[in-house]
K.L.:
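Pasting a structure below so you can have a look.
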There are 2 protein chains.
Amino acid sequence: MTQLRERKKQQTRQTISHVATGLFIEHGFERTTIADIAEAAGVSKMTVTNYFPRKEDLFFDAADMVVRWPARTVAEREIGESALAAIRRAYLAATERQDPLLGRFAPGFARLIADSPALRSRLREVYDQQEQALAAALTEAVGPGGGLLEPRLAAAQLAATLRVLMEEARHRTLADERDDDAFFSGLAALAGQAFTLLEPALGDYAVRSA
Amino acid sequence: MTQLRERKKQQTRQTISHVATGLFIEHGFERTTIADIAEAAGVSKMTVTNYFPRKEDLFFDAADMVVRWPARTVAEREIGESALAAIRRAYLAATERQDPLLGRFAPGFARLIADSPALRSRLREVYDQQEQALAAALTEAVGPGGGLLEPRLAAAQLAATLRVLMEEARHRTLADERDDDAFFSGLAALAGQAFTLLEPALGDYAVRSA
DNA sequence: CAAAAATATTGGTCGGACCTAAAAATTCTC
DNA sequence: GAGAATTTTTAGGTCCGACCAATATTTTTG
């Protein structure tokens with residue numbers, strides 16, 4: 001089985017990530033060293049670095065998902081649906097299933113981010129990659145016809161709205177909003193208003209043709 | 001004279017910044033160490049760090065201006081003028097006077113940014129601070145009446161547009177667009193389109209009352 | 001000019017990122 | 001299943017940016 005090796009790798013990766021998260025929550029991000037993590041996980045420092053090239057990656061392990069979902073949503077939008085409508089629909093669906101992707105971290109996580117410049121910087125990078133991926137998807141969606149700047153402007157506005165919503169979600173989580181149902185329905189209401197603001201500019205942008 | 005010391009400080013600051021810029025252009029950002037800069041400027045490493053806490057500050061010495069101008073523009077908008085209109089007017093005025101603030105760096109600078117992850121990260125931070133300052137100005141402008149999220153959404157959209165325009169300016173500079181007149185008039189045309197996109201959503205947001 | 005205040009320097013520590021060579025573990029091949 | 005090939009992990013080290021404490025120097029003020 002060529003999968004035994006793969007399973008072990010995932011296992012050690014998981015162990016390292018888990019141990020690191022525990023240490024971060026316990027002592028803070030900056031005050032936890034890679035050496036600490038390596039020792040606690042029972043591996044060498046270099047192994048930690050091999051799995052997680054930058055220290056911040058130990059924290060934002062699910063960043064890829066956040067980066068990709070808006071672009072994927074646009075790429076898979078239904079016939080007759082605009083990019084904005086697809087993203088709005090996907091966002092509201094995520095609130096229905098109470099997806100942590102929207103920024104509903106554990107309070108401990110939210111606090112770590114708020115307290116660490118390095119983590120906030122990494123988060124900005126994630127948002128940026130999300131926007132770039134979205135711009136690429138929109139460029140693909142509208143074809144070579146439209147102006148070159150339009151997809152980037154549209155991506156920037158969509159991503160900016162998503163980012164504000166995510167920051168608000170983190171902020172509310174920090175402010176100790178405990179009831180998940182209330183949290184997510186509140187978020188859905190905000191998102192409705194936010195996306196409606198974009199409607200006049202983007203309501204019929206990148207509508208998928210039959 | 002309490003100003004002689006001040007002048008000397010500005011002098012050494014200027015010297016360090018100038019020397020650093022030369023070394024960056026010559027060898028690249030990451031390949032230039034703070035020790036190199038200190039030695040070339042004839043000061044100690046710690047002196048460099050005192051004037052420029054982070055290495056990236058040696059490069060983005062005028063970041064404050066970029067961070068503040070949109071917020072200041074909104075705060076000083078004319079009676080009957082919306083935030084969007086004020087920013088559009090200020091942007092077009094900047095193209096008239098061919099202000100480097102809009103992203104018209106020397107080609108060497110633009111290349112350094114493109115090649116350095118650390119500089120791009122710092123640039124993201126600048127954009128973020130620009131947006132936060134703008135959000136604060138808008139919150140101030142609309143008073144306690146409006147929803148809490150609206151100013152942040154408006155700031156995010158305005159800042160996103162400015163950022164795309166600035167990236168485009170950097171990109172065109174890199175692509176060796178030499179004629180300043182053509183460059184800035186092209187930028188003005190793009191900006192016109194970009195701001196017009198925001199018109200339906202923000203055209204009457206934060207209009208200054210008499 | 002002497003005392004006080006602000007600034008610069010020296011000489012360190014620390015930690016994250018990176019590298020190389022070698023050892024260990026796993027998979028592939030016969 | 002043994003040995004070869006490949007991949008993963010380790011050990012030990014360098015480099016550099018960020019930071020700190022104590023000292024020295026310069027500037028300002030009385």
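Residue numbers start from 1 in every chain, and the chains themselves are labelled A, B, ... in the order their sequence lines are given, proteins ahead of strands. Every value quoted in this text rests on a predicted model; they were computed, and no experiment measured them.
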K.L.:
Just the rounded figure in Å: distance from P of C:dA8 to CZ of B:Arg13.
P.N.:
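Distance, rounded to whole Å: 11 Å.
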K.L.:
Between B:Ser116 and B:Glu30, does any side-chain donor sit less than 3.5 Å from a side-chain acceptor?
P.N.:
yes
K.L.:
Should the ring pair A:Phe29 and A:Phe24 be called parallel, tilted or perpendicular, given that the plane angle runs from 0 to 90° and is split at 30 and 60?
P.N.:
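If you compare the ring of A:Phe29 with that of A:Phe24, the planes turn out tilted.
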K.L.:
Under a plain distance cut-off of 3.5 Å, with no hydrogens placed, do A:Tyr205 and A:Gln157 share a side-chain donor-acceptor pair?
P.N.:
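A:Tyr205 and A:Gln157 do not have a side-chain donor-acceptor pair below 3.5 Å.
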K.L.:
In whole angstroms, how far is the C1' atom of D:dC16 from the CD atom of B:Glu56?
P.N.:
13 Å
K.L.:
Please list, by residue number, the residues of residues 29-53 of chain A whose heavy atoms come closer than 4.0 Å to an atom of DNA chain D; answer none if no residue qualifies.
P.N.:
A:Val43, A:Ser44, A:Met46, A:Thr47, A:Asn50, A:Tyr51
K.L.:
Between atom NZ in A:Lys55 and atom C1' in D:dA18, what is the gap in whole Å?
P.N.:
13 Å
K.L.:
Hey, mind stepping through B:Lys55 and B:Thr33 against side-chain contact (heavy atoms from CB on, under 4.5 Å) and telling me if it holds?
P.N.:
CA-CA 9 Å; B:Lys55 191 185 178 187; B:Thr33 73; 5.7 Å; no
K.L.:
Rounding to an integer number of Å, can you tell me how far B:Phe59 CZ sits from D:dG17 C1'?
P.N.:
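So the CZ-C1' distance, B:Phe59 to D:dG17, works out to 18 Å.
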K.L.:
Who passes side chain to side chain contact (heavy atoms under 4.5 Å, CB included) against B:Ala75, sequence neighbours left out?
P.N.:
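By the side chain to side chain contact (heavy atoms under 4.5 Å, CB included) rule, B:Ala75 matches no residue at all.
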K.L.:
Just one of A:Ile16, A:Thr12, A:Val19 clears the side chain to side chain contact (heavy atoms under 4.5 Å, CB included) bar with A:Val48, so which one?
P.N.:
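Passing option: A:Ile16.
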